[in-house]
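Written below as structure tokens is the structure these notes are about.
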Amino acid sequence: MPRRLAVVVALVVFAVCLVAGMTAGNTFVETVRRALVGMFVTLAVGLVVGVMAQRMLDENAKQLENGPEKSATKVETPDR
């Protein structure tokens, strides 16, 4: 899942950079170069964020399977 998410986001950024470069009137080489850099940077960031999100989901699923945690503090009834 993290890889798919990172690849999809990177391709979207690549397409947006291509369109933005063409509308700005940049040369073809400069537009593609900037789009590729944006794609690779977004891919790296997306992989890191995707792995972190997957670990978080796995930990939460494991906690739900084990049941809710019991509180270590004891709640006492009030005096009055």
* Asked: Should Val7 and Phe14 be counted in the same cluster of Ile, Leu, Val, Met, Phe, Trp and Tyr side chains packed under 4.5 Å apart?
  -> yes
* Asked: Going only through I, L, V, M, F, W and Y residues with side-chain contacts under 4.5 Å, is there a path from Val32 to Leu11?
  -> yes
* Taking all atoms of both residues into account, what is the closest heavy-atom pair of Pro2 and Val51, and its distance? -> CB-N, 3.7 Å
* To do: Consider only side-chain heavy atoms of I, L, V, M, F, W and Y, link residues closer than 4.5 Å, and tell whether Met56 and Val45 are in one cluster.
  => no
* Structure fact -> Rounded to the nearest 0.5 Å, the CG atom of Leu43 sits from the CZ atom of Arg3 at a distance of 11.0 Å
* To do: Only counting residues at least two apart or in another chain, list the ones meeting side-chain hydrogen bond (donor to acceptor under 3.5 Å, both in side chains) with Glu30.
  => Arg33, Arg34
* Structure fact -> Scanning both residues in full, the closest heavy-atom pair of Met39 with Val13 reads N-CG1, 4.4 Å
* **Atom pair CG (Leu5) and CD (Gln54), whose distance is rounded to the nearest 0.5 Å** => 10.5 Å
* To do: Determine the sole option in Leu36, Val19, Leu18, Thr23 for which the side-chain contact (heavy atoms from CB on, under 4.5 Å) test with Thr31 is passed.
  => Leu18
* Any idea which heavy atoms bring Gly46 and Ala6 closest together, and the distance? -> C-CB, 3.5 Å
